[in-house]
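Worksheet: the structure to be examined is printed underneath.
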Amino acid sequence: MLSTRVLSRFRAQKITKLSTAAGRCFSTGPDTPSPLDEDTGKHELWREGIYDHDNEPMVRRRDGSFQPLEKLRGFINYQRNPEPYRDPLERVTDWGELNPTSEDVDLKHNSVERKVQAARCMDCGTPFCSTHSGCPVNNKIPEWNTLVYEDQMQEAIDRLHSTNNFPEFTGRVCPAPCEGACVAGLVDNPVTIKNIEYAIVDKAWEDGYITPRVPKTRTGMSVAIVGSGPSGLAAADQLNQMGHNVTIFEREDRIGGLLMYGIPNMKLSKDTVDRRVDLLRQEGIEFVTNANIGENIDINELRSNFDALTLCIGATMPRDLPIPGRDLKGVHFAMEFLTKNQKRLLMTSEGALESNWSKDDFITAAGKDVIVIGGGDTGTDCIGTSMRHRCRSVTNFELMPVPPHERASDNPWPQWPRVYGVDYGHAEVAAVFGEDPRVYSVMTKEFLGDDDGNLRALVTQEVEITKTGPVPIDGTEKEWETDLAILSMGFIAPESYVSDELGLEVDQRNNIHAIYGDYRTSTEGVFAAGDCRRGQSLVVWAINEGRGVADACNSFLEKKKDAEMGNQGDAKFAGLV
């Protein structure tokens, strides 16, 4: 178990930066420094007189000179400086967000540094950051970068909200494909778009620019939305502003879906989720929790009581690992691990005693040798959660080989750069235990247990990636001691009981069949969006889907209302005759 003495020893050491000559690594945290960022940290400022502190200072440029801040050649004059995460050895001791708070003055960007970073936006003729290759919701990134540079923060949040319902979510959890598509990234490091996005929305909340927008008129049409994840919330927000009466049904005890129970606190504070949900509630959206459609609520009852039904139920069936020993105690799915941990934290915040928790309701990594099977964001979240439990060790298995440090020939700009990077969880393990936790090109062959059915070890085998897939290499078996194995290999489809009840068509991957741009299912008046339609994807894609299904649902409701009004008119006319 990681002791206070060990933590103190690591704090006393100088933390080596985890630079791996990773080319253009597009994570916006400090754990992936780019070799092009020779001058790390905030830009130096200069004020000529003691009475000039109310004026904007001069800023040091790359050539060493101090000049007034300007945007025309900002991408040439200033280096990329992403707002750093909190120190790894500090943040592993709490569940606070990775991003620095306003109290972390040495880390948090001030208004001048925000303007410097916004000035690097080069006003390119075709902003690929805003296209489908960069931003699924087509954020007007150059526009709000300019507004930040001009200190027009209220206009900036209005422009940001025009395309993105929840920038406080995407600004924290999105991997920033916009930065991978940034034109400046072709010759230098990309603009810190993700940092600027959450700076805009955080400032807007702080200054009171975000207030309830209650629709002035109502259409009289009603919509039931099943699922309160990002797609469901985005669809509800859009439909509510269109004047429809919207009710969200959520099977969990709290609203938010994966935002609440899938993404851990250090990436997204639950107060941040609740703040937005409370705003939506004030705007007229109704929420019903503990409503498991198909289980304790009849799906046909919803269809009869609402004019339209929208399914945003996510892709919650995890990919399993059917190998010998899979049923041993100590092998768990990632979402089982993360969700139970989040519920424990919420109990703590509300005053529940630790003695009231049952072992069945909580999976702890405390004092254990943890192995996370599978990478990606969810795998990293499992690593970070294990570190905060004070695990004895943590190892991360990846089936694929080590990514290249630069873009490969088959991965050109503006595609998402599939290059080596160090995420927050990897940095924390390296800071505490002295090495990166990832082991590449291995597959798990077997789980080994003790006489009581508890996991004690697993066996791996190295693999070679071929055109037909991974091929095991004979003679490379290795046994790893572990008492907690977490399966983080993605999700394959939505749970089928809702679609089965409605008799919906599904595609070859068992996702609900609904054409993109139309979102109608095979059943009249029923729509589908988000991961349950397109498969497991990013939060920003879920918001895109929620906005899209809202437009499709609105068109259906308008036609339905016109038809009802026409029928009423015909009936009145018939009565007069």
Side-chain angles (χ1 to χ4, degrees), residues 258 261-262 264 314-344 358-386 389 391-400 425 437-465 468-497 509-510 531 535-536:
L258 69 86
Y261 283 136
T316 52
M317 287 185 61
R319 182 173 286 106
D320 207 345
L321 189 59
I323 60 175
R326 170 62 182 88
D327 58 345
L328 290 169
K329 289 179 286 186
V331 182
H332 299 277
F333 286 119
M335 277 303 152
E336 181 187 8
F337 176 60
L338 295 174
T339 298
K340 289 187 176 182
N341 177 73
Q342 186 55 50
K343 288 187 175 183
R344 181 191 72 123
S358 68
K359 293 182 179 179
D360 293 335
D361 293 332
F362 178 52
I363 303 168
T364 181
K368 295 182 179 180
D369 294 311
V370 180
I371 293 182
V372 178
I373 302 174
D377 291 339
T378 303
T380 302
D381 292 340
C382 292
I383 293 171
T385 299
S386 298
H389 283 183
C391 60
R392 182 186 296 114
S393 68
V394 60
T395 306
N396 184 200
F397 291 159
E398 300 228 18
L399 182 65
M400 301 303 289
R438 288 169 289 183
V439 179
Y440 293 93
S441 299
V442 294
M443 64 183 296
T444 306
K445 187 177 180 180
E446 181 182 6
F447 294 112
L448 304 176
D450 60 19
D451 295 337
D452 296 324
N454 298 307
L455 177 69
R456 66 170 181 83
L458 57 79
V459 178
T460 62
Q461 193 169 14
E462 295 180 15
V463 298
E464 179 183 5
I465 303 300
T468 58
V471 176
I473 301 174
D474 293 336
T476 61
E477 289 81 0
K478 181 178 179 180
E479 184 174 314
W480 304 73
E481 289 186 7
T482 178
D483 32 21
L484 176 60
I486 302 173
L487 307 182
S488 175
M489 301 175 295
F491 301 86
I492 56 176
E495 295 171 65
S496 61
Y497 62 89
R509 296 185 177 182
N510 291 320
D531 288 0
Q536 179 191 2

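Note that the numbering runs from 1 along the sequence shown for the chain.
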Item to check | Side-chain heavy atoms of Phe397 within contact of Val372, under 4.5 Å | outcome: no
When rounded to the nearest 0.5 angstrom, what distance separates [atom1] in [X] from [atom2] in [Y]?
| X | Y | atom1 | atom2 | value |
| --- | --- | --- | --- | --- |
| Phe491 | Arg319 | CZ | CZ | 10.0 Å |
| Met489 | Asp320 | CE | CG | 6.0 Å |
| Lys368 | Ser393 | NZ | OG | 12.5 Å |
| Cys391 | Ile371 | SG | CD1 | 11.5 Å |
| Gln342 | Leu258 | CD | CG | 12.0 Å |
| Phe362 | Thr339 | CZ | OG1 | 12.5 Å |

List the atom pairs, donor and acceptor, that lie under 3.5 Å between side-chain atoms in residues 448-459 and the rest of the protein, sequence neighbours left out.
unit_1: Asp450; atom_1: OD1; unit_2: Asp452; atom_2: N; d: 2.9
unit_1: Asp450; atom_1: OD1; unit_2: Gly453; atom_2: N; d: 3.1
unit_1: Asp450; atom_1: OD1; unit_2: Asn454; atom_2: N; d: 2.8
unit_1: Arg456; atom_1: NE; unit_2: Gly449; atom_2: O; d: 3.3
unit_1: Arg456; atom_1: NH1; unit_2: Glu479; atom_2: OE2; d: 3.4

Which atom names give the shortest non-hydrogen contact between [X] and [Y], and what distance separates them?
| X | Y | answer |
| --- | --- | --- |
| Arg509 | Ala493 | O-CB, 3.6 Å |
| Pro437 | Ile383 | CG-CD1, 4.4 Å |
| Ile465 | Pro470 | CD1-CB, 3.8 Å |
| Ser386 | Phe337 | OG-CZ, 3.7 Å |
| Cys382 | Ile486 | SG-CG2, 3.6 Å |
| Ala485 | Phe447 | CB-CE2, 3.9 Å |

Checklist entry - If you draw a 6.0 Å radius around CD in Glu477, do more than 12 non-hydrogen atoms from other residues or ligands fall strictly inside? => result yes
My understanding is that only residues two or more places apart in sequence, or in another chain, count here; which of them pass side-chain contact (heavy atoms from CB on, under 4.5 Å) with [X]?
| X | result |
| --- | --- |
| Asp381 | Pro264, Lys267, Leu338, Tyr424 |
| Ile473 | Glu462, Glu464, Thr476 |
| Glu336 | His332, Phe333, Lys340, Ile363 |
| Pro472 | Met443, Gln461 |

Next on the checklist: With side-chain contact (heavy atoms from CB on, under 4.5 Å) as the criterion, how do Val463 and Leu399 come out once you've worked through the C-alpha distance, each side chain's angles and the decisive distance to 0.1 Å?
Outcome noted: CA-CA 8 Å; Val463 298; Leu399 182 65; 3.9 Å; yes
Next on the checklist: Before you tell me yes or no, could you show the steps for Val370 and His389 under side-chain contact (heavy atoms from CB on, under 4.5 Å), namely the whole-Å CA-CA distance, both residues' side-chain angles and the distance that decides it to 0.1 Å?
Outcome noted: CA-CA 11 Å; Val370 180; His389 283 183; over 6 Å; no
Item to check | Expected output: side-chain Asp483 to main-chain Asp369 donor-acceptor under 3.5 Å | outcome: yes
Next on the checklist: Does Lys445 form a side-chain contact (heavy atoms from CB on, under 4.5 Å) with Ile323? I'd like the steps, not just the answer.
Outcome noted: CA-CA 7 Å; Lys445 187 177 180 180; Ile323 60 175; 5.9 Å; no
Next on the checklist: Before you tell me yes or no, could you show the steps for Arg392 and Leu484 under side-chain contact (heavy atoms from CB on, under 4.5 Å), namely the whole-Å CA-CA distance, both residues' side-chain angles and the distance that decides it to 0.1 Å?
Outcome noted: CA-CA 11 Å; Arg392 182 186 296 114; Leu484 176 60; over 6 Å; no
Checklist entry - Who are the side chain to side chain donor-acceptor pair (under 3.5 Å) partners of Thr364, not counting sequence neighbours? => result none
